[in-house]
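Lettering follows sequence order; numbering is per chain, from 1. The analysis underlying the following values was restricted to heavy atoms, covering all of them including side chains, and did not include hydrogens, waters or symmetry mates.
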Number of protein chains: 2
Amino acid sequence: MFNREEILQAFEEKGLRATSQRYCIMEYLARRPVHLTADEIFRAVNRSDPRASRATVYNSLNALSEAGLVRDISVDGKATLFDSNLRRHHHFVCDLCAAVEDVEWFESPRFSRAELAGRRIREFEVVLRGTCKKCNSKATV
Amino acid sequence: MFNREEILQAFEEKGLRATSQRYCIMEYLARRPVHLTADEIFRAVNRSDPRASRATVYNSLNALSEAGLVRDISVDGKATLFDSNLRRHHHFVCDLCAAVEDVEWFESPRFSRAELAGRRIREFEVVLRGTCKKCNSKATV
DNA sequence: TTTTGTGCAAAAGGTTTGCATACGA
DNA sequence: TCGTATGCAAACCTTTTGCACAAAA
């Protein structure tokens with residue numbers, strides 16, 4: 001998904017200093033196309049560089065997120081999840097196992113002037129809830 | 001919105017014991033048609049009954065929410081917000097002042113079998129983001 | 001050299017929990 | 001009376017912060 005060059009170039013474009021910790025984090029997220037908590041990312045990064053600190057992982061994730069290089073989603077007050085899937089997409093959360101999955105993007109409906117009520121809409125974020133494939137098949141067995 | 005009888009009847013229907021704390025919380029939420037944090041609710045309830053504890057407010061809100069008598073929404077990892085608006089609705093969050101507003105319900109698109117990918121959808125939750133009426137008018141002035 | 005990021009530890013929210021007591025059914 | 005809810009305080013989990021030091025630009 002991202003090779004070294006692409007990551008470093010993205011940092012430069014966004015005006016982010018290319019520190020080894022940030023690079024590690026970006027690379028780890030790019031390799032693992034799932035939603036990860038800051039703590040999971042911290043443990044992974046800390047495994048390869050035992051001096052990497054939890055605070056830096058949090059700070060870096062915030063910086064990467066603000067720069068638009070990773071996306072974060074927080075569901076039900078649990079720990080924020082990060083991923084590097086930059087394609088527009090929505091999310092599905094399983095009621096049973098709490099897994100978070102990406103779902104294909106679909107358009108927002110158009111709002112009438114009355115419905116907008118003076119608001120300006122920038123983003124449209126959907127969370128679908130239900131039971132995931134895995135849990136459904138377990139229940140059937 | 002809710003009078004005493006209605007609240008007590010709702011508790012009975014849901015098999016919830018009618019404790020004075022729960023009643024207080026329900027009544028307060030019914031009187032204030034906004035999104036409130038558990039802490040705001042705690043402070044209000046505690047004002048009228050100084051013995052009411054924070055833990056009970058959290059426990060009660062969870063019980064009320066599970067019973068479907070209040071709804072909760074958590075946005076951006078900040079404190080969960082509670083409200084007693086049980087009509088189906090979506091939410092709008094202002095980028096600038098972080099206000100959370102209810103918006104009219106609109107239907108989910110229909111998903112094809114392929115899009116569902118073995119999932120069963122129970123709920124469709126939308127968060128619109130942008131700038132609210134108040135912030136827009138400030139910016140224009 | 002100048003800035004910005006890092007590591008560490010401590011603190012800050014928000015929420016849950018264990019246990020003895022009180023209270024609703 | 002019986003079982004569940006409450007109050008209290010402590011614990012927990014996630015995230016942020018202050019400060020001295022290190023590393024990018």
Side-chain angles (χ1 to χ4, degrees), chain A residues 4 7-26 28 35-67 69-70 72-82 98 100, chain B residues 4 7-26 28 35-67 69-70 72-82 98 100:
Chain A
R4 182 170 181 85
I7 293 178
L8 295 178
Q9 187 185 331
F11 285 175
E12 171 140 31
E13 276 169 16
K14 300 294 182 179
L16 291 176
R17 285 195 178 177
T19 69
S20 64
Q21 293 84 343
R22 280 181 188 162
Y23 178 80
C24 258
I25 291 169
M26 247 343 261
Y28 185 66
H35 297 86
L36 298 164
T37 64
D39 190 65
E40 284 164 343
I41 297 165
F42 162 67
R43 290 207 304 274
V45 169
N46 187 265
R47 219 173 292 134
S48 47
D49 174 4
R51 281 188 51 82
S53 76
R54 184 172 257 102
T56 295
V57 171
Y58 277 94
N59 289 338
S60 299
L61 285 168
N62 287 342
L64 293 171
S65 175
E66 266 165 46
L69 298 181
V70 306
D72 57 286
I73 163 183
S74 87
V75 172
D76 296 334
K78 292 202 279 286
T80 303
L81 299 172
F82 297 85
V100 175
Chain B
R4 182 170 180 83
I7 292 177
L8 295 177
Q9 187 183 332
F11 284 176
E12 170 140 31
E13 275 170 14
K14 300 294 184 180
L16 291 176
R17 285 195 176 176
T19 69
S20 64
Q21 293 83 344
R22 278 180 191 164
Y23 178 79
C24 260
I25 291 168
M26 245 347 260
Y28 185 66
H35 297 86
L36 299 163
T37 63
D39 191 65
E40 284 164 344
I41 297 164
F42 162 69
R43 290 206 305 272
V45 169
N46 187 264
R47 221 172 289 133
S48 46
D49 174 4
R51 281 188 51 80
S53 76
R54 185 172 257 102
T56 295
V57 171
Y58 276 93
N59 290 337
S60 299
L61 286 168
N62 286 343
L64 294 171
S65 174
E66 266 166 46
L69 298 181
V70 305
D72 57 287
I73 164 181
S74 86
V75 171
D76 297 333
K78 293 202 278 287
T80 303
L81 298 171
F82 297 85
V100 176

Would you please confirm or rule out a distance under 4.0 Å between OP1 or OP2 of [N] and any side-chain N or O of [X]?
X	N	result
N59(A)	dT6(C)	no
S60(A)	dG5(C)	no
Y58(A)	dT16(D)	no

Round to the nearest Å and state the distance from [X] atom [atom1] to [N] atom [atom2].
X	N	atom1	atom2	value
D49(A)	dG5(C)	CG	P	18 Å
K78(B)	dT14(D)	NZ	P	19 Å
F42(B)	dG13(C)	CZ	C1'	15 Å
L8(B)	dA25(C)	CG	P	9 Å
L61(B)	dT16(C)	CG	C1'	13 Å
F11(B)	dA25(C)	CZ	C1'	15 Å
D39(A)	dT16(D)	CG	P	13 Å
D76(A)	dT15(C)	CG	P	12 Å

**Report entry** Contact list for DNA chain D against residues 13-24 of chain A - heavy-atom distance below 4.0 Å
**Finding:**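 DNA chain D contact set from residues 13-24 of chain A: R17(A), A18(A).
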Requested in this report: Indicate, with a heavy-atom threshold strictly under 4.0 Å, whether A55(A) touches base, sugar-phosphate, or nothing.
Outcome: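 Base contact.
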Report task. For T37(B), answer base if it contacts any base atom (sugar-phosphate contacts may also be present), sugar-phosphate if it contacts only those atoms, and nothing otherwise; contact means non-hydrogen atoms under 4.0 Å. Result ->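 No contact.
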Is there side-chain contact between [X] and [Y], with heavy atoms separated by less than 4.5 Å?
X	Y	value
K14(A)	E66(A)	no
S60(A)	V57(A)	no
F11(A)	R17(A)	no

Query - From OH (Y28(B)) to CZ (R43(B)), nearest 0.5 Å - result: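 So the OH of Y28(B) and the CZ of R43(B) are separated by 9.0 Å.
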Side chain of [X] only, heavy atoms from C-beta on: which candidate in [options] is closest?
X	options	value
R54(B)	dT16(C), dT15(C), dT15(D)	dT15(C)
A52(A)	dT16(C), dG7(C), dG7(D)	dG7(C)
R51(B)	dC8(C), dT15(C), dG7(D)	dG7(D)

Report task. Report the residue (A38(B) or A63(A)) whose heavy-atom-nearest nucleotide on DNA chain C is the more 5′ of the two. Result ->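 First, find each residue's nearest nucleotide; the 5'-ward one identifies A63(A).
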**Report entry** Criterion side-chain contact (heavy atoms from CB on, under 4.5 Å) against I25(A), the qualifying member of L36(A), I41(A), L69(A)
**Finding:**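 So the option named by the test is I41(A).
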Query raised in the report: Which residue, N59(B), V70(B), D72(B), forms the side-chain contact (heavy atoms from CB on, under 4.5 Å) with L64(B)?
Result: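 Among the candidates, only V70(B) passes.
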Query raised in the report: Y23(A) ring centre to R4(A) NZ or CZ under 6.0 Å, with the angle to the axis within 45°?
Result: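 Positive - R4(A) is close enough to the ring of Y23(A) and near enough to its axis.
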